[in-house]
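Taking it in order: structure first as structure tokens, then the write-up.
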Amino acid sequence: MTRTHEAATDTEALLQAQSGVLERIAGGVPLPDVLTEVATTLERLMPGCHCSILLLDRESSTLRHGAAPSLPWTYSSRIDGLAIGRDEGSCGAAAYLGTPVVAEDVTTDPRWVRFRDLAGAHGLRSCWSTPIRGRAGVVGTFAVYHERTHQPASRERDLVDRLTHLASVAIDHHALFGALADSEERFRRAFDDNAIGMAITAADGAVTRTNEALRDLLGRSEHELTGVRLAELFTPVTAPEAPYEATLRHPDGRTLDVVVSVSPVAGPDGVPVRLIANVLDVTQRRAAERERQARHEADVARQAAERASRAKTDFVAALGHELRTPLQAVTGFTELLGSLDLPPERRKAALEHINGAAGHILAMVDDVLDVARIEARALPLHPVEIDVPAVVAEVLSLLEPLADAEGVRLRDESGPAALHADERRLKQILLNLAGNAVRYNRTGGTVALTTRTEAAAVVITVADSGRGIAPEHLDRLFTPFDRLGADSGEGVGLGLPLAKGLAEAMGGGLAVTSTPGRGTVVEVTLPR
């Protein structure tokens, strides 16, 4: 056979082999069968040789059996799992070095020291191994054995190079196909076996596939759900962003709470081609949250009711004490007037005591009624133009006897200021605030009233140098009837709530700051 005819025959055989291998790859033929076809092709083109294809296991750095159509199985099984290395025969060295390794005579080649007896027992004398390179580098070896010493010719090298490339195509395809199949299997299991409801939809939201968990949740079959849009399955209760809360109506009449998360899956051009929806049933969780919230609200309401009840009890006790003293005075002096013939001056004094006691009772009743009117938003107001410093002076004059008795000094630091407000209510506010500042002061302490005018309001400040208010009591200052634990001799606990309510009724406000041991500052702000 001439060289030209031999080359033509080789080319034809290689083309047929390539066509056959590609058909097998496309048809999903197992990799060992494809590699056997490659090895058999070379054995037909090189009579008298035996071919072996080994696959590299990267995790263990070993070569595993791929195909060896004419080698004895006892030999192939012994080299299955061959480690790669410089002295691991032709195949182990080729995979390690990444270059072809020719052992013309295995009985003398130093790389075959550990395998000479094995090769001799099976009549093998030479071995030429070429690394198979794939996308990830060396993926295996292509070995050619002879039963005599042998050095490959250029034709043989060319044939091996071409068939080695064909083997690499088959191995790479198997790796890619296997990874894809493995990925699809993992996705199928994650999708079908997931306890969370899942759906795959087209880009427009039309359902194409659902898992069992979602079908159970919706109470509908795959056929019933296919083609239905996600928006038709759920009623959003929050903004439809990922994730969002929604409700769904089950065929058995139940309304279920769910959380829906939708993620787009982009195609090669980056445009979403489908959507994956996750639907989590949170009905029981939401029911438990509502139950906890209801218990919390009931507990808060109970505590508020208990505080109100305690405050009213304290109020009733304080009011009873406050009323008892003047009523006893009225009763005592009435009996005195009815049973004794008193001289005119003593009779006049008794009547004055009765009148003072009645006035005290009337003032307390008025305070209680004012608090009730404020709470009902029915407090009558009669606004007029007011000279604020004049009102401050009058209030301090009325409090002088009390201040003298307590050993407290009053200071008028008010400047020019005018208001359009109810004068009687302003006096009531300042009397309550300044009266408290005197009562809860210390001997030798001071109470100062100042004013300042702002753009749209007048601010009146009552500052004392008394005992101050503990931080834990500040949030209870304006609770009606709450006297912050003071004994009944300190009043009925309506002064600050009444003052704040009156200020707010006139469109203003009242704020308190206090430092225990240093005093309290109350600011009343009223619109001009």
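Starting from 1, each residue takes its place in the sequence as its number. Please read all numbers here as calculations on a predicted model, not as lab measurements.
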Can you run down the side chain to side chain donor-acceptor pair (under 3.5 Å) pairs that involve residues 85-98, sequence neighbours left out, and say none if there aren't any?
Glu88-Arg114, Ser90-Trp112
Please step through salt bridge (Lys or Arg N to Asp or Glu O under 4.0 Å) for the pair Glu523 and Arg452, ending with a clear verdict.
CA-CA 11 Å; Glu523 282 193 348; Arg452 71 175 186 271; 3.4 Å; yes
Calculate, to the nearest 0.5 Å, the distance between atoms CD1 and OG1 belonging to Ile460 and Thr525 respectively.
9.0 Å
To the nearest 0.5 Å, how far apart are CD1 in Ile200 and OG1 in Thr210?
9.5 Å
Using every non-hydrogen atom in the two residues, find where Gly134 and Asp172 come nearest and quote the distance to one decimal.
CA-OD2, 3.4 Å
Pair Arg155, Asp158 - check salt bridge (Lys or Arg N to Asp or Glu O under 4.0 Å), show working.
CA-CA 5 Å; Arg155 170 180 173 268; Asp158 185 57; over 6 Å; no
The single option from Val459, Leu419, Leu502 that satisfies side chain to side chain contact (heavy atoms under 4.5 Å, CB included) with Leu526 is Leu419
Restricting to salt bridge (Lys or Arg N to Asp or Glu O under 4.0 Å), what partner residues turn up for Asp269, sequence neighbours left out?
none
Can you tell me how far the CG atom of Leu42 sits from the CZ atom of Arg162, to the nearest 0.5 Å?
12.5 Å
Go through it in stages, so that I can follow the logic: the residues are Tyr75 and Phe115, the test is ring pair (Phe, Tyr, Trp, His ring centres under 6.0 Å), and I'd like the CA-CA distance, side-chain angles, deciding distance and then a yes or no.
CA-CA 10 Å; Tyr75 178 82; Phe115 308 101; 8.8 Å; no
Ionic contact status for Arg24 with Asp33, cut-off 4.0 Å:
no
What one should report as the nearest heavy-atom pair of Gly468 and Thr520 is CA-OG1, 3.6 Å
Any side-chain to backbone donor/acceptor pair from Asp204 onto Arg274? Under 3.5 Å, distance only.
no
What are the two closest non-hydrogen atoms of Leu214 and Ala199, and how far apart are they?
CD2-CB, 3.6 Å
Asp257 and Arg290 ion-paired at < 4.0 Å
yes
Can Thr164 and Asp161 be said to form a side chain to side chain donor-acceptor pair (under 3.5 Å), step by step?
CA-CA 5 Å; Thr164 297; Asp161 285 345; 5.4 Å; no
How long is the straight-line distance from CZ of Phe142 back to CD1 of Ile132, given to the nearest 0.5 Å?
7.0 Å
Per the side chain to side chain contact (heavy atoms under 4.5 Å, CB included) rule, which among Val522, Ile469, Val521 passes with Ser514?
Ile469
Stepwise ring pair (Phe, Tyr, Trp, His ring centres under 6.0 Å) check, His65 with Trp73:
CA-CA 10 Å; His65 175 73; Trp73 174 246; 5.4 Å; yes
To the nearest 0.5 Å, atom OG1 of Thr201 lies from atom CG of Leu230 at 5.0 Å
Answer yes or no: is there an ion pair linking Glu289 with Arg286, defined by an N-O contact shorter than 4.0 Å?
yes
